[in-house]
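One structure below.
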Amino acid sequence: MVNASGTKSTSPIAIIRVGGYMEMTTSDELDKVLDGLIQKQSYQIIVDLANVDYVSSRGWSIFLSKIKEIRENGGDLKLINLTTNVYEVYKVLEFFWFLRVYDSIDDAVSDFENNVPPMPE
Amino acid sequence: MFWKSKKYQLKVPAHIDYLSDLRAFVVKIKDDYDFSDKVINAFKLCVDEAATNIIQHSYKGTEGQIIIRALIKRKHLTIFIIDQGMYFDLRKIQDPDLNYYIDIGKKGGLGVFIIRKLMDEIDYYKTREGNILKLTKYREPEAKKKRLRLFFSMSNFS
């Protein structure tokens, strides 16, 4: 299940909440939601994975496939609230070189508001 | 205590609708044999990736069966994934250049990479029963010892 919403009506930050297993079908749903945001030039994106127990290769590849376009437009795709299972895989696959994760939505929003670069130079 | 190895098996149609049954098979082993979340989570993901590859590349969307078989031992869990489709040795697939994937916005192509990173041993061979992908992961203390042995054996060469 994939839901997209904004932080506040005036905020440019979009939050996507994903639930359940992020396998082929859910990942393709997320892909469409991300494409929709990019089309609307909404490039500050937070994906909340609090209710996700499992992210398949399809899911990870959807995240990676979007970050270039998003960052070239001054935005970022930030992941928050990773469960232990998902964080373990994120670490083993060394995706920390490409995607930044946060423990809370406030930390991610704060980085957007303070224009912290997506990844260290 | 004497430990007797155990075997379990499940056969499902080669279709994405049955991936959840394969994952449930793995979870049942955790419940019965007290493997860690880390080991079981790795298997859930790798079985899903391997079965998806079989459906897409080995059977190429045609009808077929996938058999999953678990061999439970004191120190490790081995899962065999068997199909009768085309021979597809995923060990021959090179690790992806993730920077390149990001550059071109590529979707997909990470399944084999994930299996390789998460499993301790991977084997693939053909028998009369079909193509067999053999995935093994050790219980945590064993996996650490194995990594240390590998580190020291590599240090001896340098």
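Every chain is numbered from 1, with letters handed out A, B, ... down the list of sequences.
- Residue B:Arg116: no heavy atom, backbone or side chain, is found under 4.5 Å from chain A.
- Inter-residue side-chain proximity for A:Ile67 and B:Ile102 is flagged as met; some heavy-atom pair is nearer than 4.5 Å.
- Within the 4.5 angstrom heavy-atom criterion, only side-chain atoms of A:Glu23, from C-beta onward, approach chain B.
- In this structure, chain A has a heavy atom under 4.5 Å from the side chain of B:Thr52, while its backbone stays farther away.
- Few gaps surround NZ on B:Lys126; more than 12 heavy atoms of other groups in view lie less than 6.0 Å from it.
- Side-chain contact between B:Lys106 and A:Ser65 is absent, with no heavy atoms from C-beta onward closer than 4.5 Å.
- Note that CD1 of A:Ile62 is 10.0 Å distant from CG of B:Leu110, once rounded to the nearest 0.5 Å.
- Put simply, the side chain of B:Glu49 gets close to the backbone of A:Ser57: a donor and an acceptor are under 3.5 Å apart.
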Run the side chain to side chain contact (heavy atoms under 4.5 Å, CB included) check on B:Asp48 and A:Tyr54 step by step: do they pass?
CA-CA 11 Å; B:Asp48 196 303; A:Tyr54 171 100; 2.6 Å; yes
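- The CD atom of A:Glu88 lies 8.0 Å from the CG atom of B:Asn41; values are rounded to the nearest 0.5 Å.
- At most 12 non-hydrogen atoms from other residues, nucleotides or ligands lie less than 6.0 angstrom from CG of A:Asp103.
- The candidate with the highest count of non-hydrogen atom pairs below 4.5 Å against chain A, out of B:Ser20, B:Gly108, B:Gly109, is B:Gly108.
- Residue-environment remark: OH (B:Tyr125) exceeds the threshold of 12 foreign heavy atoms within 6.0 Å.
- By the 4.5 Å heavy-atom criterion applied to side chains, A:Tyr21 and B:Lys44 are counted as neighbours.
- For A:Asp31, the part sitting under 4.5 Å from any heavy atom of chain B is the side chain, from C-beta outward, and nothing else.
- Ranked by non-hydrogen atom pairs under 4.5 Å with chain A, the options B:Ala42, B:Gly105, B:Pro96 are led by B:Gly105.
- By the criterion of side-chain heavy atoms lying less than 4.5 angstrom apart, applied directly or through intervening Ile, Leu, Val, Met, Phe, Trp or Tyr residues, B:Val12 is grouped together with B:Ile68 in one hydrophobic cluster.
- Residue A:Tyr87 qualifies as open at atom OH: its count of foreign heavy atoms under 6.0 Å is 12 or below.
- Contact of A:Phe63 with chain B is not made at all, since no heavy-atom distance falls under 4.5 Å.
- The CG atom of A:Leu93 lies 5.5 Å from the CG atom of B:Leu118; values are rounded to the nearest 0.5 Å.
- We find the CZ-CG distance between A:Phe98 and B:Asn99 to be 4.5 Å, quoted to the nearest 0.5 Å.
- Note on A:Ile38: it clusters hydrophobically with A:Leu79, by side-chain heavy-atom contacts below 4.5 Å among ILVMFWY residues.
- A continuous path of hydrophobic side-chain contacts links A:Leu64 to A:Val33 [ILVMFWY only; heavy atoms under 4.5 Å].
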